[in-house]
Amino acid sequence: MGKIPPSFRPAITYSLVKKPPLTEASSSIQTPTPIPPLHFPKKSSKKNDDKLSRKPQQSKQHPAIQNLLESPDLPSAKKIFNSIAATTKATLDLRFHNALLQSYASVSTVPDSISLLQHMVKTNPEFSPDRSTYHILLSQSCRAPDSSLSPVHQTLNFMVSNGFKPNQVTTDIVIRSLCEVGRFDDAVELVKEMSLKHSPPDSFTFNFLVKCLCKCRTLSTVYGFIEEMKNSFGIKPDLVTYTILIDNVCNSKNLREATRLLGVLNECGFKPDCFVYNTIMKGYCMLSRGSEAIEVFNKMKEEGVEPDLVTYNTLIFGLSKAGRVKEARKYLDIMVEKGHFPDAVTYTSLMNGMCREGNALGALALLEEMQRKSCSPNSCTYNTLLHGLCKCRLLEKGIDLYREMKSAGIKLETASYATLVRTLCRAGRVAEAYEVFDYAIESKSLTDVAAYTTLESTLKWLKKAKEQGHAL
Amino acid sequence: MLPQRIKKTITDNPKKLANLIDLVNLPSTLREFVGHSQASRLGCFMRVWSYIKENNLQDPNNKNVVNCDEKLRSILLGKPQVDLAELPALIKLHFPKKLK
């Protein structure tokens with residue numbers, strides 16, 4: 001709900017580093033049987049067909065690279081490179097060199113990888129490393145076990161001395177690699193340094209870093225970072241940055257701060273979009289503050305922002321949670337009227353609300369309605385219903401539903417499992433409870449321990465209740 | 001709700017979990033039944049329950065009751081009939097609390 005789609009990133013940045021090894025890996029899977037390598041070059045040189053000759057060669061060599069460059073030993077890596085270069089008659093392209101370097105860099109140290117690259121350039125004058133080659137080195141140097149930033153600096157200096165000025169792609173790769181291995185403080189330090197010396201991050205990199213920091217640092221640290229980037233390097237937070245911040249404060253239930261951020265957003269001249277509103281609405285819904293959620297919805301309409309599926313789902317979820325099921329139902333109708341198709345999430349939220357009210361039969365009717373509209377329920381829907389039916393003491397209907405789930409292989413959730421077992425035991429149908437226990441383990445819904453603990457404690461509770469003469 | 005409270009104490013208390021899944025040296029009667037010299041309480045329960053299912057020992061008229069065969073009787077206090085509801089408690093008898 002209200003999250004930033006990951007597709008915001010341009011694919012090109014990543015493809016530079018990640019694609020070459022990936023395609024190698026897939027080609028090595030496709031051709032696992034080794035064919036004598038001499039055979040193909042001969043044939044192709046006779047044919048003189050450049051395109052045909054290159055393709056089979058690559059697929060033949062790359063499995064070898066993957067197998068051979070497993071040791072961090074530099075002389076042997078050089079030897080392997082030499083032998084491949086000597087036995088291959090067709091020209092080796094950039095991708096080949098990159099793949100070789102990538103496989104070596106992933107097992108070796110930064111200085112050794114640099115030496116190997118220098119060796120490659122020296123032995124094969126036709127090969128001129130381009131930006132992507134250096135980026136491979138760079139992304140590996142960020143993953144180096146070294147706790148300082150010196151390998152990264154070393155690689156950057158090497159890159160600059162060979163005439164490649166780091167650009168935004170470089171910055172992005174460095175930041176993402178560092179964040180991937182959890183070195184957030186280093187990433188912050190480096191992004192400042194890169195902004196000062198080479199190239200400031202683009203909005204995607206910047207927002208990525210902000211998002212990472214939000215997850216693991218205090219809010220004041222994040223604000224400090226944003227402020228510093230704005231004052232020192234002129235990188236202003238954009239709408240996405242604010243959405244990330246609002247999402248973060250909403251998740252920590254700090255809605256006052258979210259409202260303040262909304263004010264700041266307006267001051268900066270941004271108009272809140274659907275994502276911002278959805279995020280704020282989610283914040284209110286998580287606190288079961290239905291009225292405020294509806295207010296946000298009305299504000300959206302006032303401002304002319306068209307609510308989307310997520311907006312409606314959030315609102316229906318929130319109202320159901322706050323026990324205002326009738327209103328939630330009304331919004332379901334409004335949503336359909338506006339041409340949206342309610343999905344499993346919409347219906348499940350509403351069913352949850354109905355079950356909480358004790359209206360499990362209504363929820364069951366909703367399941368039928370949902371299926372009639374050819375919206376297929378998911379495992380969460382079934383579990384919600386099962387839980388609700390058992391709570392409302394509609395055991396027979398619950399068992400019917402359980403059988404349906406079992407035949408469809410739908411997993412049980414902890415809460416619905418526990419409720420079903422308890423209800424069965426209470427009705428004196430212990431054998432069936434054992435059957436459910438078996439299914440929970442067989443379908444890997446729960447761990448053995450969790451399933452058994454629930455069963456055991458339920459039986460213990462049952463015995464105690466019987467002894468004390470409680471009505472079951 | 002009582003069961004939820006029990007569940008919470010178990011997840012909060014690692015010792016309780018340990019006495020469920022730690023391997024212990026079994027007493028000789030149980031050792032014969034399980035076929036190992038060491039097992040956890042959970043493993044033991046699973047073994048007994050699958051033994052009941054494999055040998056169709058549940059009473060056909062009342063599935064909640066198990067008609068013990070000789071082997072089963074040897075580990076379940078010699079009872080001819082056992083309620084499924086008391087099975088975990090009966091198995092627990094073989095796993096006394098460790099004294100410190």
Side-chain angles (χ1 to χ4, degrees), chain A residues 356 387-388 390-393 395 399 412-472, chain B residues 1-23 39-68 72 76 81-95:
Chain A
R356 275 163 198 258
H387 187 76
C390 290
K391 279 261 179 202
C392 296
R393 309 220 167 182
L395 183 55
I399 290 173
L412 293 166
E413 279 165 21
T414 316
S416 48
Y417 165 75
T419 320
L420 181 59
V421 166
R422 190 160 59 241
T423 317
L424 281 169
C425 287
R426 189 159 40 195
R429 298 159 77 164
V430 182
E432 280 166 83
Y434 270 65
E435 214 182 286
V436 176
F437 167 76
D438 280 342
Y439 174 66
I441 288 178
E442 180 199 319
S443 65
K444 296 199 167 59
S445 307
L446 285 89
T447 57
D448 295 8
V449 173
Y452 177 74
T453 314
T454 308
L455 182 70
E456 189 188 28
S457 57
T458 306
L459 291 174
K460 205 168 156 189
W461 160 79
L462 187 75
K463 196 176 158 221
K464 218 176 197 172
K466 264 186 189 162
E467 276 168 8
Q468 290 173 354
H470 284 312
L472 292 174
Chain B
M1 286 298 260
L2 195 61
Q4 269 165 6
R5 215 165 65 213
I6 293 172
K7 212 170 93 192
K8 199 167 180 304
T9 45
I10 286 174
T11 45
D12 285 349
N13 190 345
K15 242 191 219 163
K16 286 241 168 111
L17 181 65
N19 93 29
L20 183 60
I21 57 170
D22 277 358
L23 293 180
S40 66
R41 188 153 64 83
L42 179 61
C44 220
F45 171 81
M46 297 299 260
R47 181 75 197 83
V48 173
W49 171 228
S50 60
Y51 179 83
I52 293 171
K53 281 185 290 181
E54 275 162 25
N55 296 292
N56 289 320
L57 295 177
Q58 276 167 284
D59 192 303
N61 297 320
N62 180 5
K63 288 256 181 200
N64 293 343
V65 175
V66 179
N67 295 320
C68 298
L72 204 55
L76 298 178
Q81 270 202 338
V82 170
D83 212 319
L84 267 184
E86 48 182 354
L87 194 61
L90 285 173
I91 289 170
K92 207 175 178 178
L93 292 178
H94 292 285
F95 295 83

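Chain A is the first sequence line, chain B the second, and so forth, proteins listed ahead of strands; every chain is numbered from 1.
Using cut-offs of 30° and 60° on the angle between ring planes, the pair A:Phe437 and B:Phe45 is perpendicular.
The main-chain N or O of B:Leu42 is never found under 3.5 Å from a side-chain atom of A:Tyr452 such that the two would form a donor-acceptor pair.
Minimum heavy-atom separation, B:Leu84 to A:Tyr434: O-OH, 2.7 Å. The minimum heavy-atom distance linking B:Asn64 with A:Arg429 is given by the pair OD1-C, 3.9 Å.
In this structure, chain A has a heavy atom under 4.5 Å from the side chain of B:Leu20, while its backbone stays farther away. Neither the backbone nor the side chain of B:Ala89 has a heavy atom closer than 4.5 Å to any heavy atom of chain A. For B:Gln58, the part lying near chain A is the side chain, with the backbone staying farther off; criterion is any non-hydrogen pair under 4.5 Å.
You'll find the side chain of A:Glu456 reaches within 4.5 Å of the side chain of B:Lys92, heavy atoms only.
In this structure, CE in B:Met46 is found 7.0 Å from CG in A:Asp438, a value given to the nearest 0.5 Å.
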